[in-house]
Amino acid sequence: MCGIVGYIGPNQAAPFLIEGLTKLEYRGYDSAGIAVFDGKEINVEKSVGRLGILKKKIETASPNGHVGIGHTRWATHGRPSDVNSHPHTDCTGKFVVVHNGIIENYLHLKEKLIARGHVFSSETDTEVVAHLVEEYYEGDFEAAVRKVLAEIEGSYALVFMTEHDPDKIICTKQDNPLVIGLGNGENFIASDIPAIINRTRKTYILSDGEMAIVTKDSVWVMNRQGVPVTKKVFEVNWDAEAAEKGGYEHFMIKEIYEQPKAIRETMSGRLAKDNSTILFDELKWTQGEVAAINKIAIVACGTAYHAGIVGKYYLENLARIPVEVDLASEFRYRSPLIDDKTMVIVISQSGETLDTLAGLKEAKRLGAKTLAITNVVGSSIAREADNVIYTWAGPEIAVASTKAYTTQLVTLCMLAIYMAGLRETLPPARIQELIGGLRNLPAQAHEILEDVEPIKTFAQQYGFNEDVFFIGRALDYCVALEGSLKLKEISYIHAEAYAAGELKHGTLALIIEGVPVIALATQPDVYEKMLSNIKEVKARDAVVIGIAMKGDDHIHNYVDHTIHIPAAHKYLAPLLAVIPLQLLAYYAAITRGCDVDKPRNLAKSVTVE
Ligand code: F6R
């Protein structure tokens, strides 16, 4: 995820900017840059690649000056490159800005600014912000920034600097973190606490909609209308390691909690305001092209494969196209029936998984059209595919995938609705209902995360069992597969997922007294059948934990414990039902004393066959 730093004070800014960015390296980035005011003008140095390259660049001519801002970029809009790196400047070079997040309406703003004569140099959404301040500046920096904020939509942490008013830095945030470190005659700005804890432990944590004017001796915080806000000083008492995890004990739990935000970012700018359609600017497909596709093949590994199985439901049910889903390691060795009428969709968080990349190459060799769904801009898979949809989940550091999975599901659902629109397979009212449902997801995911105590208790109660079963039907079965993978990979408990109707064809022999069975029952079309399957395992004295939607007052008659998720559209239930399963796996691993973020024998990116 991108990182932001800023400095204003009596000391040289550049050394702090580099130090702060180094502290944020763990978050992942593909390029870095700084801007420093030297008393006359702002000098910008930026470079694609590791921070070491930027350090080398400024070694010979280190920018002199006592005020500056810096950034590490994790690409979303525009590939990693020197020009796409932050800071971004306006046409005159007198305004600079660094940004975390996504400006949703940037294309519209960019067109307007180009028509007004502005010249853009990068492909980023951020650059519009620099040109907008230039456009609105009439001698009052603060007023210009306020006007910019009234124009932009999306999520952001933004930090501005200008040659016209070099004794202040202005910063603001919406749905992205930003902190101000309070020093003695100097102040610091950062997206995350690790960047500043070596310098100060006194901070203001900005809230959404707040704007701060930071000088070397003062910090004025106000709302967007300019009304002053009284801030409490937050004294940081985390050590450096805890600070990297935002105060969470592990990256995995941090990433589980990031899901509401990640889901929001994935949808950002992609849902039409009136819920009538999905906007994928990256896909320039025509109705004719989509109509010509007679089959989709989804190819992926592990968690991404599980997302692909959900994708099959979405694409077949909404866009009415036959879909097959393959494990990438199997796909290319089974002589798949693929031709130029097939669309092959590869899904990969990292964009580097070797089997998936090889599957993609094989699909291309066979003449298929290819689409990659990935989280990493400029990754090998992104470069190889004909088209790419980025999930914009932010870097995932824990080995066990969590937010990557939920954002892959959101992407697949949006893709199915998009293709359904082009193929005219869904009435407008159903499209609106689904997009309305997508909009509710961040708040619903948040609701689940607000009350994790019962899940923690189950994990402590059953965490020492050696076998756990997950059962479900239809989309619940797909989620069961992911829940069981999560549990086994981080807690080392033997976990199996079964289509509930399949149990009696063999696996029921393993269900004995006291064996925990997680039964998902969120799918209305198969609900009654699912209850029959729950009765089958209860009759063998299994302990059943049911996952059901709020409003289901029936399930508790059949199970030992119930976890309720917010009521959602049946197609969107997997996105919510998986969260308790991620939490169950996490707390079971903690109960067993496992190394949650680095499970034994596993690696984050699998670049071997
Ligand atoms: C499980 C997990 C793995 C990955 C798989 C594919 O939690 O993370 O199963 O999903 O290795 O990785 P990507 O998505 O990077 O291709």
Side-chain angles (χ1 to χ4, degrees), residues 28 74 250-256 258-259 262 266 298-311 325-332 344-361 363 370-385 388-412 470 478-493 495 497 578-579 581-586 588-589 594-609:
W74 200 75
H250 297 97
F251 282 112
M252 181 180 176
I253 190 74
K254 175 173 179 274
E255 286 159 8
I256 289 174
E258 278 171 358
Q259 288 178 112
T266 305
I298 298 180
V299 177
C301 301
T303 289
Y305 168 75
H306 293 156
I309 301 175
V310 176
V325 191
D326 271 273
L327 289 164
S329 52
E330 295 292 319
F331 174 74
R332 66 187 165 132
V344 172
I345 303 177
V346 292
I347 308 173
S348 172
Q349 186 285 129
S350 61
E352 300 297 342
T353 302
L354 191 85
D355 284 322
T356 311
L357 181 60
L360 171 60
K361 287 183 177 162
T370 57
L371 167 68
I373 295 177
T374 181
N375 195 29
V376 181
V377 176
S379 54
S380 306
I381 285 174
R383 290 199 308 270
E384 187 72 29
V388 188
I389 303 177
Y390 291 111
T391 47
W392 295 337
E396 202 179 53
I397 295 171
V399 165
S401 208
T402 53
K403 62 177 180 171
Y405 174 77
T406 38
T407 54
Q408 283 160 358
L409 294 199
V410 173
T411 307
L412 286 159
F470 291 76
C478 309
V479 180
L481 287 166
E482 177 56 10
S484 101
L485 175 63
K486 267 326 62 112
L487 188 66
K488 66 187 128 197
E489 71 173 318
I490 59 165
S491 74
Y492 317 143
I493 296 173
V578 75
I579 298 174
L581 306 188
Q582 296 167 342
L583 289 163
L584 200 65
Y586 175 77
C594 301
D595 185 351
V596 177
D597 281 338
K598 293 198 182 79
R600 69 182 177 212
N601 308 339
L602 300 178
K604 183 67 186 161
S605 188
V606 186
T607 50
V608 290
E609 217 184 326

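Small disclaimer: the values here were computed from a predicted structure and weren't measured. Indexing begins at 1, ligand by ligand and atom by atom, following the structure's order.
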Going by the order shown, which atoms of ligand 1 are within less than 4.0 Å of some heavy atom of A304? 10 (O), 14 (O)
For A400, the ligand 1 atoms whose distance to one of its heavy atoms is below 4.0 Å: 7 (O)
Which part of E352 is near ligand 1, with near meaning a heavy atom under 4.0 Å away: side chain, backbone, both or neither? neither
Atoms of ligand 1, numbered as shown, that sit under 4.0 Å from any heavy atom of S348: 13 (P), 14 (O), 15 (O), 16 (O)
Looking only at distance, does E489 have an N or O less than 3.5 Å from an N or O of ligand 1? yes
Tell me, yes or no, whether the heavy-atom count around K598 atom NZ, taken from other residues, nucleotides or ligands under 6.0 Å, exceeds 12. no
Ignoring hydrogens and angles, tell me if any N or O in the side chain of E396 forms a donor-acceptor pair with the backbone of T402 under 3.5 Å. yes
Could you tell me whether a side-chain N or O of K486 sits under 3.5 Å from a main-chain N or O of S491, the two making a donor and an acceptor? no
Any K486 heavy atom less than 4.0 Å from ligand 1: yes
Would you check if the side chain of D597 reaches a backbone N or O of F251 as a donor-acceptor pair within less than 3.5 Å? yes
Under a 3.5 Å distance rule, please check whether N375 uses its side chain to pair with a backbone N or O of P395 as donor and acceptor. no
Ligand 1 contact by V399, heavy-atom criterion under 4.0 angstrom: yes
Numbering as shown, the atoms of ligand 1 that approach S350 to under 4.0 Å (heavy-atom distance): 13 (P), 15 (O), 16 (O)
Counting each atom of ligand 1 from 1 as listed, which ones have a heavy atom of Q349 under 4.0 Å away? 13 (P), 14 (O), 15 (O), 16 (O)
Within the side chain of E255, is there an N or O that forms a donor-acceptor pair under 3.5 Å with the backbone of I397? yes
Looking only at side-chain N and O atoms, does Q408 offer a donor or acceptor that is under 3.5 Å from a partner on T391? no
